[in-house]
Amino acid sequence: MGSYKKDKHRPSPLPESSNSNKDEMGSYNYKMFNLFNRKFKITEAEPPKDVKQLFSKFSNGGSHMTADQLRRFLVLHQDELDCTLADAQKIVEEVINRRHHLTRYSRHSLNLDDFFHFLLYDDLNGPITSQVHNDMTAPLAQYFIYTGHNSYLTGNQLSSDCSEVPIVKALQRGVRVIELDLWPGSAKDEILVLHGRTLTTPVPLIKCLKSIRDYAFASSPYPVIITLEDHLTPELQAKVAEFPSPESLKHRIIISTKPPKEYLESSGIKRKGPLSPGGRNSSEEDDEASGIPCHTAELEADDRSDSDQDDVDLTDCDNKSGQLGAPAYKRLITIHAGKPKGCLKDALKVAADKVRRLSLSEQELEKAAATNGTDVVRFTQNNILRIYPKGTRITSSNYKPLVGWMHGAQMIAFNMQGYGKSLWLMHGMFRANGGCGYLKKPDFLLEKGPNNEVFDPKTKLPVTKTLNVKVYLGDGWRLDFSHTHFDSYSPPDFYTKVYIVGVPADAAKRKTKIIEDNWSPAWNEEFTFPLTVPELALLRVEVQEYDMSDKDDFGGQTCLPVLDLRPGIRSVPLHDKKGEKLKNVRLLMGFQFV
């Protein structure tokens, strides 16, 4: 084990084939205290016992596997029931082309190493379904929707730049809800996007809209929803109506905000106290701390924003002139975000003839879940509920999304420019359904009983499915990182942590043993996870490198939706802390449902 740990001023990851201290014998040299060298032989990943047995079984004990034999393996063991002989032939040709480029025309079958490498190619043998498979014809309220918060910010909530770049990145990742805060500029007719009453530098609205136009459907053909936090005068609202509308943009772009008339009616709310360092009213913070859910001001989320809580005083705007720009502006709005009146329970009442969008902070959701959980579920069956981060998350951190999903909230608004494990969960959830940004909610969140009863998230449910996970091995770190990235004196000591994140009853954590001094660790360990609500379960995987004297080093992570997992032996690519896919690092894992 590498007990002499680590130079924290490490080089950046190196591109493939640039490992600088590998000798001609295929070994790495590590210098000890600048006095002498330690040499470690590089070991290549080898097929696990299970892979060897499967190859022997489906090749009928032969040394090569034909395309038809591969098809049988894919159908019978990998549960790819629709796989055809032509599909298998294409895989054989692709694997041979990658591994035997010079002799590819004389090869027509796979040997054991070819078969093993096929299993490690995540583009050919990935862990989840890559196609859209949910029913996409139901009303919008029946879907979880990939939702951004303050989508224009490049960093923290108080002083970072505003830009169209994070909007583009979010759309390319599959985010379907983009939030823009609109404010008047210093010049006539100038409309800016910025986080109001902070030091964030603005970006022109037109830049953001053009980016949305150009990238809205880069990763998904399904609708993009723009939520507007509107702080404009009526004249500038009319100006917004001149910008690209849903009708002039490709596919469908939906505007969600408060209509002008309702917005003007809400403008009588006065600031109750000075802004706190988080950009929120001191009185609002006091009310949140009191734990009283019946607080009207907290619910007026769509016209006031710092983390959707800035209020704006438009009492100097003439109401008559306000109606001049209203009709054209109002026609752009497809999802109306009305201002709820009264207490939280009243705000959650379902109107038979009206569908609307309600926004709650993460704290308000927690209060509602504790006191009115079934009311939240009932509301979300036909209306849209948006949850947003609390105002004190000035570093653009995020909250736990599962509470919202358990209660049917469609829009869990996240700071996509942020960081951390909560964001990994969001990435993982929306890898489901082909990564299209829309997930059909589980039936139990949509159903009503004979007495109009709905799902109670507090109810303890029986186990309905068990997931078996086997962690075979890992590979690719030596291609993506320098040989001293993890340890200055020896190869890394990797181990893998496997989590189930979901409803509280399903939460679990397992860990493999540590494999010492090895760039291609083989664990061959199996774990079992009983699940009561597999529809909301996420499999989170994280690789760490053990450090005897300091914090363990991060070696990659991923998060996968459990019900989209493909049975069999799969290649699982890992990502960095920001959620970007590492070029070569992956695990070989097995998944089986019982």
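Atoms considered below: every heavy atom in the structure, side chains included; atoms not considered: hydrogens, waters and symmetry mates. Quick caveat, the model's predicted, so the values are computed rather than measured.
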Qualifying salt bridge (Lys or Arg N to Asp or Glu O under 4.0 Å) pairs with a residue from residues 419-442, counting only residues at least two apart or across chains: none

Main-chain N/O of N60 paired to Q69 side chain as donor or acceptor, under 3.5 Å: no

Taking every non-hydrogen atom, the tightest pair across C436 and Y222: CB-CD1, 3.7 Å

Side chain to side chain contact (heavy atoms under 4.5 Å, CB included) evaluation trace for F486 with D493: CA-CA 9 Å; F486 296 102; D493 312 321; over 6 Å; no

Residues E525 and K497 bridged, charged N to O under 4.0 Å: no

For A409 against I387, the heavy-atom pair lying closest together: CB-CG1, 3.9 Å

Short side-chain donor-acceptor distance under 3.5 Å, D87 and T84: yes

Geometric cation-pi criterion K578 and Y419, 6.0 Å radius, 45° cone: no

Polar side chain donor-acceptor pair, D564 to T129, under 3.5 angstrom: no

Polar side chain donor-acceptor pair, N383 to R356, under 3.5 angstrom: no

Pair N415-H149, side-chain donor/acceptor within less than 3.5 Å: yes

Pair F73 and F55, ring centroids less than 6.0 Å apart: no

Could you pull out all donor-acceptor pairs under 3.5 Å where a side-chain atom in residues 532-544 meets a protein atom, sequence neighbours excluded?
{"from": "T532", "atom 1": "OG1", "to": "D506", "atom 2": "OD1", "distance (Å)": "2.8"}
{"from": "T532", "atom 1": "OG1", "to": "D506", "atom 2": "OD2", "distance (Å)": "3.3"}
{"from": "R540", "atom 1": "NH1", "to": "E542", "atom 2": "OE1", "distance (Å)": "2.9"}
{"from": "E542", "atom 1": "OE2", "to": "Q544", "atom 2": "NE2", "distance (Å)": "2.5"}

Side-chain heavy atoms of L531 within contact of V562, under 4.5 Å: yes

Side-chain heavy-atom pair T496, K511 within 4.5 angstrom cut-off: no

Mutual orientation of the aromatic rings belonging to H485 and F481 [parallel < 30°, tilted 30-60°, perpendicular > 60°]: tilted

Shortest non-hydrogen separation from G590 to Y472 and the atoms involved: N-CE1, 3.7 Å

Expected output: side-chain N433 to main-chain H133 donor-acceptor under 3.5 Å: yes

Side-chain donor-acceptor contact under 3.5 Å, S396 with Q417: yes

Derivation of the salt bridge (charged side-chain N to carboxylate O under 4.0 Å, His left out) call for R107 and E93: CA-CA 9 Å; R107 295 174 178 263; E93 291 173 359; over 6 Å; no

Salt bridge (Lys or Arg N to Asp or Glu O under 4.0 Å) contacts in which one or both residues fall within residues 450-476, not counting sequence neighbours: D50-K470

Pairwise distance CZ(F144) to CG(N134) - rounded to 0.5 angstrom: 11.0 Å

Any I569 side-chain heavy atom under 4.5 Å of H77 side chain: yes

Test item: T380 side-chain N/O and H407 main-chain N/O as donor-acceptor pair under 3.5 Å: yes

side-chain hydrogen bond (donor to acceptor under 3.5 Å, both in side chains) evaluation trace for T43 with N518: CA-CA 7 Å; T43 57; N518 200 319; 3.2 Å; yes

Verdict with supporting geometry, F591 and V469, side chain to side chain contact (heavy atoms under 4.5 Å, CB included): CA-CA 5 Å; F591 306 115; V469 176; 4.1 Å; yes

Any donor-acceptor pair under 3.5 Å from S422 side chain to Y399 backbone: yes

Spatial distance of atom NZ (K169) from atom OG (S211) [nearest 0.5 Å]: 12.5 Å

Ring centroid separation W523 to F494 under 6.0 Å: no

Side-chain heavy-atom pair F115, L70 within 4.5 angstrom cut-off: yes

P530 to T466 - nearest heavy-atom pair and separation: CA-OG1, 4.0 Å

Gap between atom CG of L358 and atom CZ of R386 - 0.5 Å precision: 10.0 Å

Sub-4.5 Å side-chain heavy-atom contact between V454 and E447: no

Any F118 side-chain heavy atom under 4.5 Å of I91 side chain: yes

Which atom of F554 lies closest to which atom of W424, heavy atoms considered: CE1-CH2, 3.8 Å

Pairs touching residues 110-126 that satisfy salt bridge (Lys or Arg N to Asp or Glu O under 4.0 Å), sequence neighbours left out: R98-D123, R99-D114, D122-K581

Test side chain to side chain contact (heavy atoms under 4.5 Å, CB included) applied to I212 and I253, step by step: CA-CA 9 Å; I212 294 171; I253 293 179; 3.8 Å; yes

Sidechain N-carboxylate O distance under 4.0 Å for R378, D375: yes

Residues S571, N125; criterion side-chain hydrogen bond (donor to acceptor under 3.5 Å, both in side chains); working and verdict: CA-CA 6 Å; S571 176; N125 186 46; over 6 Å; no

Side-chain (S219) to main-chain (L171) donor-acceptor, under 3.5 angstrom: yes

Exam field: side chain Q381 to backbone L445, donor-acceptor pair closer than 3.5 Å: yes

Separation of D480 CG from K583 NZ (nearest 0.5 Å): 7.5 Å

Closest heavy-atom pair and its distance - L439, A432: CD2-O, 3.5 Å

From L565 atom CG to L563 atom CG, the distance as rounded to the nearest 0.5 Å: 8.0 Å

Gap between atom CD1 of I178 and atom OG of S151 - 0.5 Å precision: 4.0 Å

Any L588 side-chain heavy atom under 4.5 Å of P48 side chain: yes

Polar side-chain atom of R566 near backbone of G126 as donor-acceptor pair, under 3.5 Å: yes

Flag for Y388-N150: side-chain donor and acceptor within less than 3.5 Å: no

Residue pairs fulfilling ring pair (Phe, Tyr, Trp, His ring centres under 6.0 Å) with at least one residue in residues 425-465, sequence neighbours excluded: Y146-F430, F444-F455

Polar contact flag, side-chain donor to acceptor under 3.5 angstrom, T137-D135: yes

Sequence-distant partners of E164, salt bridge (Lys or Arg N to Asp or Glu O under 4.0 Å), two or more places apart: none

Backbone of I515 reached by a side-chain donor or acceptor of Y546 within 3.5 Å: no

Heavy-atom check, side chain of I225 versus side chain of M411, under 4.5 Å: yes

